[in-house]
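Each remark here refers to the structure printed beneath this line.
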Amino acid sequence: MNSNEGFLRVSEAPFLKYLLSFVFGIFLQMVFGGGYYLSLPFIVVSAISFIYYYKAVLPRTKFVRRNFFGYAIFSLFIALGIIDATYVNQRYNTYLPINRGYAIALITDDVVKKERSIECKTRIIEFENSANTTDETYINSILYIEPDSSSVSLSKGDVIIFEQRLQPIKFSKNPESFNYALKLNRDGYIYSQYVTANNWKKIDYIEPSGVINKAENVKKILIKRVDIIPLSDNSKSLIKAMLLGESSAVEDNTRASFSASGLSHILAVSGLHVGIIVFIIYLFLFPFNYTKISCVRPLITILILWAYIFVIGFPPSGVRAAIMASFVLMGEVFNRKGTTINSLFVAALFMLIYNPNYIYDVGFQLSFTAVFSIFYLYPIIFEILPHSNRVSSYISSICSVTIAAQVGTLPLTIYYFHQLPLLGVFTNFIIIPLLPYIIILSIFAIALPLSWVCISADYALKFVNYISDFVSSLPYSSLSLYIDSYDIILCFVVIYMGCWALRSKRSEILISLLIIILLFVCFRIYANLSKENYKGIIYDDNRITAINFIDKDYNYILTIDTCGVEKKIDKIANNFWIKEALPDAKYINDNILDKGLYITLPYIGYKGEKYLILNSDYFESKHIDSGKRLFINKAIVCAGFKGSIADLNNIFVFEKVIIASNINHFKRQSIIKECNALNIPFYDIKEKGAYIIFE
């Protein structure tokens, strides 16, 4: 790239402008809403620009007005992005009938057995209305059915009738928690309900039909095939994840090990896997090269590739890789070569047209960022590394691809997983060259489970697992970090503008980058100075009450009447702890005195404030003379509280009542009613999210 060239040549990626404008339209719809009406101004601008451009008769005039053609295309694709996002997000009926009668639901996906329920993704097909007749509908919902002998036998295709009490799906509103409800909403699931054992009944079974269901059946057959192969359980789970996109069988400790060692991309059907599979298919079809119909070879490869992607359920990373591979192979059919980067943008555009919500998918973002980074960063890294001979060139090539992908995806990896794998380049340098052979052995183990093939595949997969465990066990193999969306933008600006400056050797780009970094640092300093400091959090969870006491020297967790929930609380609070750089959490139950924190349940003294835990009938027999009530800053009402706030008001003066999430609905409403009657301020964690106490 010479000094006159920009960040990315248009000749290399003509589809980039279409992709950017389409994505801009999706984000406009997400931020402003407005439905189809939001697209009207852009359609008008596009039409006016087209008319103005095509009204020119002379070639010279058209040349002068050529920018208006670009404005027309840009506005048109913005409008298409808005229209597509609106259509996809409104295609589901999201309005419940006023009547709370019975509903009939079809189970549309495999049921998931959870600890306390059977999760069923369903489509509501009928509602009973007030006239005792039924209304046909189409609402996706998630039912959590109480486990018993009947519910555990439910399966996809079953039709059930249940007493309808659907509620909008709410996510656990804790600091830095993952918004799982938003993800479900984007998948079309707006409502959920817990159904008790006596409030539902199976009434029918509809055999799932269609090509997609047949593909799912093929996938299940392949999974069962893997289960009977004479391999270790861990090797079987790795094969399911790598080849079939079924990562649910991977144990949590294995997943954590792969993440810490920088090998988490191995546990998904990524572009690397698809590329290797395409190579294997293409290799086995080599006899077609000796015929007069050699173009059949790439066509058959494309058909087999898409059959494979179809069977594994169209994962975004796999679809992206399949589209790119298809463009390359079709170029061979027509003796035309397309650039890799343009194929990447075409793949992204087609996928977003099909489903604009892919833009929020982590796999989609990581996949496209990795390929773009390899394209953009690889030449710079390769030039820096030694490549004077064939061996050094091969090693440098592998290192360059690995480093480019790792560096390019690093901001997203830290943002989503809050982990920086410091030895990721080292582990990938070992595993990536071996991955083609591992995949080939795994395919042969499924198709032709000979003893020597299975033994070889097992040893190869165990070696991958060993490297992952070994690297993740090393001190400082990974660091826990937190960055927010602003930091991601800065990271990408630094990475790509820095590389742009290196490629173009233009000092003004480097100066602009330094100015951007300086402005960001000033913004961060101002934000940190104006930020309030935390000193406590009462977390939002349906099963437990956990209170977090925070100080620069300690991080205590008090669980009320609950033990053995450390893993659950870590999952709820870990992102927040990483962001605030807090010490390791220490779990306590009662009796502690440490730097402003005094606990002797049901009383808590914390940094000059008095707290009272209400989780039993302890105060029912307590009385105090009128006029001698004890002042309490915060009364925390937890599960197990059997008294009333009105009675306690004769003993205490409450500044505020905090209602924990794990109190049942009727008790919560009773407490809220009492607080309103007594004019006591209250905070309902179930409704408003975690209660945060600031300094």
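Keep in mind it's a predicted model, so treat the numbers as computed, not measured. Note: hydrogens, waters and symmetry copies are ignored here, and every other heavy atom, side chains too, is used.
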Test log, rule side-chain contact (heavy atoms from CB on, under 4.5 Å), inputs L352 and D84 = CA-CA 9 Å; L352 292 176; D84 195 28; 6.0 Å; no

Of all heavy-atom pairs between [X] and [Y], which one has the smallest distance, and what is that distance?
X	Y	value
W306	S326	NE1-OG, 2.8 Å
A241	V250	CB-CG2, 4.0 Å
Q419	I414	O-CG1, 3.9 Å
S400	L385	OG-CD1, 3.6 Å
F310	A215	CE2-CB, 2.9 Å
D361	F364	OD2-N, 2.9 Å

Could you go through the side-chain contact (heavy atoms from CB on, under 4.5 Å) check for I190 and I139 one step at a time?
-> CA-CA 8 Å; I190 310 297; I139 295 180; 5.9 Å; no

Name the orientation class of the two ring planes belonging to [X] and [Y] (parallel below 30°, tilted from 30 to 60°, perpendicular beyond 60°).
X	Y	value
F15	Y18	perpendicular
F69	Y53	tilted
Y482	H418	parallel

Any side-chain to backbone donor/acceptor pair from [X] onto [Y]? Under 3.5 Å, distance only.
X	Y	value
T427	G424	yes
Q365	I359	yes
S442	I438	yes
D487	D484	yes
T122	I107	no
R503	I380	no
S468	V464	no
T301	I281	no
R255	S247	yes
S264	F258	no

Hey, could you give me the [atom1]/[atom2] distance between [X] and [Y], rounded to the nearest 0.5 Å?
X	Y	atom1	atom2	result
Y180	I169	OH	CD1	8.5 Å
K55	F68	NZ	CZ	12.5 Å
F27	F32	CZ	CZ	12.5 Å
L222	D227	CG	CG	11.0 Å
Y191	L184	OH	CG	14.0 Å
I495	S373	CD1	OG	7.0 Å

Please indicate whether [X] has more than 12 foreign heavy atoms, meaning atoms of other residues, nucleotides or ligands, lying under 6.0 Å from its [atom1].
X	atom1	value
F50	CZ	yes
Y416	OH	yes
F492	CZ	yes
Y394	OH	no
Y36	OH	yes
D252	CG	no
K214	NZ	no

How would you list, by chain and number, every residue that makes a side chain to side chain contact (heavy atoms under 4.5 Å, CB included) with T108, sequence neighbours excluded?
->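 Scan of T108 (side chain to side chain contact (heavy atoms under 4.5 Å, CB included), adjacent residues dropped) gives L106, K121, R123, Y189.
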
List in chain and number order the residues that pass side chain to side chain contact (heavy atoms under 4.5 Å, CB included) with S39, two or more places apart in sequence or in another chain; answer none if no residue qualifies.
->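 Side chain to side chain contact (heavy atoms under 4.5 Å, CB included) check on S39 returns I43, A79, I82, I83.
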
Mind checking what makes ring pair (Phe, Tyr, Trp, His ring centres under 6.0 Å) contact with F24, not counting sequence neighbours?
->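 Partners of F24 under the ring pair (Phe, Tyr, Trp, His ring centres under 6.0 Å) test: none.
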
Step by step, work out the side-chain contact (heavy atoms from CB on, under 4.5 Å) result for L143 and E119.
-> CA-CA 6 Å; L143 301 181; E119 181 187 272; over 6 Å; no

How about [X] and [Y]: do any of their side-chain heavy atoms sit closer than 4.5 Å?
X	Y	result
V45	I78	no
Y360	K183	no
S393	F382	yes
M497	I516	yes
Y308	I277	yes
F74	K17	no
E216	D110	no
I280	F284	yes

Criterion side-chain contact (heavy atoms from CB on, under 4.5 Å) on V371 and M324, from CA distance to verdict | CA-CA 10 Å; V371 176; M324 291 181 63; 3.9 Å; yes

Derivation of the ring-ring contact (aromatic ring centres under 6.0 Å, His included) call for F350 and Y354 = CA-CA 6 Å; F350 284 175; Y354 172 73; over 10 Å; no

